Structure formats: C-alpha cells, structure tokens
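A quick note: this is a predicted structure, and the numbers were derived from the prediction, not measured.
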Amino acid sequence: MSGEPEESTSRKVQLRAEWLNAIGGEFAAPYMRELSQFLRSEQARGKRIFPRGSDIFTALELTPPEAVRVVILGQDPYHGPGQAHGLSFSVPPGIPVPPSLRNIFTELKNDLGLEPPSHGCLRHWALQGVLLLNSVLTVESGLAGSHQNRGWEQFTDRLLEVVVSAGRPTVFLLWGAQAKKKMANLDGNSHLILTAPHPSPLSAHRGFLGCGHFSQANDFLQRSGRGVIDWSLPD
C-alpha cells in the first residue's frame with residue numbers, strides 16, 4: 001500500500017483527496033506495509049478476502065472527513081459471498097438483509113417508528129455524513145475476525161483521530177466489544193459517544209435493542225446546529 005492500495009486484480013484503489021491529505025502518510029508506515037504483504041500473501045494462497053479491493057475504502061469515498069456527522073463503528077466486514085462492500089453493516093442491493101442489520105432495522109422502528117426497508121444498502125446514510133466504519137476493514141471468507149490484529153485497528157484509529165481533531169460536534173456509535181475499544185481515542189467533551197452490544201442475534205438482546213441511539217444522535221446533532229440524519233432508506 002502506498003497511498004493507492006493494491007487489490008488482487010493489480011488495479012489500484014484511489015482514496016479521495018480529502019482523506020489522502022489527512023492520512024496518506026499512513027500507507028508508508030511499517031504496519032501498513034506489513035498489512036499489505038499479509039493481504040497479498042493470503043490472496044496468493046488462494047484465500048478469498050472480502051470486500052474486494054476496490055470496495056475496501058467505500059466508506060471514505062462516500063463520506064469525506066469534513067462531512068462526517070455520525071460514525072457508526074462495527075467490528076469487521078461480513079464474511080459471506082457478495083455481502084461486504086465497504087460500509088459497516090450494509091449489503092449491496094439485491095443481497096438478503098443479514099441478521100445484524102435486521103436488528104438495526106428493528107431498533108430503528110422501535111426508536112423512530114421507521115418501517116424496515118426492502119433492502120440492506122446503507123449508502124443513503126453515508127451520503128448524509130454517516131461514516132460507516134469497521135475497526136477492521138477486511139476478512140477472510142467464512143472466518144469472522146480473521147484479520148484482527150494485522151494493522152487495520154491502528155489505521156482506523158487514525159481515521160477517528162482525523163474526525164475528532166476536526167473539532168465539529170460528532171456522534172460516535174460504538175457497537176460491540178471491538179468498537180468499544182476505540183473509546184480511548186475519542187473526546188467525550190465535545191462529541192456524543194454512545195456504546196451498545198453488537199446488533200448480532202447473539203448479543204442484541206443484551207442492550208442493543210432499546211438503546212435509542214438513533215434518536216439520541218439526532219437530538220445531539222440538532223442541538224449542535226449540524227442538522228439531523230434522515231435514517232429512512234428509500235427504495
């Protein structure tokens with residue numbers, strides 16, 4: 001990775017200028033070089049890695065740093081074929097809604113009265129300034145957590161530092177144990193930081209369902225003069 005991370009097709013993935021100006025130097029850091037080598041070696045061994053290279057930074061492509069109003073932080077991408085496309089908890093149109101996202105939609109209905117949409121693509125949120133980020137940005141097919149502790153966590157720490165240092169009141173929704181580890185990098189004085197268990201069926205009933213994060217986020221944004229998020233997802 002050199003500011004233009006390579007993907008398996010040897011085509012290069014471009015970061016939008018705003019993010020590249022802020023964190024481009026990270027790609028020359030030893031940990032990112034090691035991560036790049038790890039990904040290449042896994043591909044050379046025939047491992048399937050999700051999302052595809054051109055989708056790894058979709059969240060950064062759709063949501064420039066100056067536009068970020070909410071950060072939704074998950075753990076790592078979906079590990080099923082066709083699911084991950086670079087936005088945490090989101091799936092492309094036409095892909096069945098995964099259980100975690102179904103629980104997110106259940107909470108949206110309980111919190112804001114919004115009926116579940118007919119699809120699971122969260123691009124509409126990203127275009128409004130919701131940075132849909134995972135702590136780890138790649139995963140091996142069928143193996144959740146397989147790319148933890150390979151360097152992605154340090155990279156996403158830097159992304160959060162960019163958002164925090166901008167000084168704009170921002171909401172951070174940290175869902176799951178891995179996401180909660182990021183709290184040490186956040187400033188709770190000028191931002192709203194909300195935590196909950198992961199929306200997975202294994203843990204959603206322990207406090208994600210009923211957390212009220214969406215209404216709390218909009219209340220904070222409204223008070224801060226940054227405008228509310230339209231959490232509905234048009235067809």
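Every side chain to side chain contact (heavy atoms under 4.5 Å, CB included) that Asp230 has, sequence neighbours left out, goes to His124, Gln128, Ser232. Residues passing the ring pair (Phe, Tyr, Trp, His ring centres under 6.0 Å) test with His191 are Phe172, sequence neighbours excluded. In this structure, the ring pair (Phe, Tyr, Trp, His ring centres under 6.0 Å) partners of Trp231, at least two apart in sequence or on a different chain, are Trp125, Phe214.
In this structure, CD1 in Ile104 is found 11.5 Å from NE2 in His213, a value given to the nearest 0.5 Å. We find the CD1-OG1 distance between Ile193 and Thr170 to be 10.5 Å, quoted to the nearest 0.5 Å. Rounding to the nearest 0.5 Å gives a distance of 11.0 Å between CG of Asn134 and CD1 of Ile72. Separation of atoms CG (Leu62) and CZ (Arg16) is listed at 8.0 Å; rounding is to 0.5 Å. Phe155 CZ to Leu160 CG: the interatomic distance, rounded to the nearest 0.5 Å, is 10.5 Å. Taking CD from Gln37 and CD from Glu42, the interatomic distance works out to 10.5 Å, rounded to the nearest 0.5 Å.
Remark: side-chain polar atoms of His119 are paired, donor with acceptor, to backbone N or O of Pro234 under 3.5 angstrom. In terms of modelled atom types and a separation under 3.5 Å, the side chain of Glu61 and the main chain of Leu15 share no donor-acceptor contact. In this structure, the side chain of Ser88 does not engage the main chain of Gly74 through any donor-acceptor pair within 3.5 Å. No donor-acceptor pair closer than 3.5 Å links the side chain of Asn185 to the backbone N or O of Asp157. No donor-acceptor pair closer than 3.5 Å links the side chain of Asn110 to the backbone N or O of Gly210. Checked by atom type and distance alone, the side chain of Lys182 pairs as donor or acceptor with a backbone atom of Glu153 at under 3.5 Å. Of the possible donor and acceptor atoms, one in the side chain of Ser146 sits under 3.5 Å from a partner among the backbone N and O of Leu143.
Taking the six-membered ring where tryptophan is involved, the planes of Phe89 and His198 are tilted, since the angle between them lies from 30° to 60°.
Between the side chains of His147 and Thr138, a donor-acceptor pair is found at a separation under 3.5 Å. In summary, the side chains of Ser36 and Arg40 do present a donor paired with an acceptor at a separation below 3.5 Å, with no hydrogens or angles considered.
Contact of the Leu174 side chain with the Lys181 side chain is not registered, since no non-hydrogen atoms from C-beta on lie closer than 4.5 Å.
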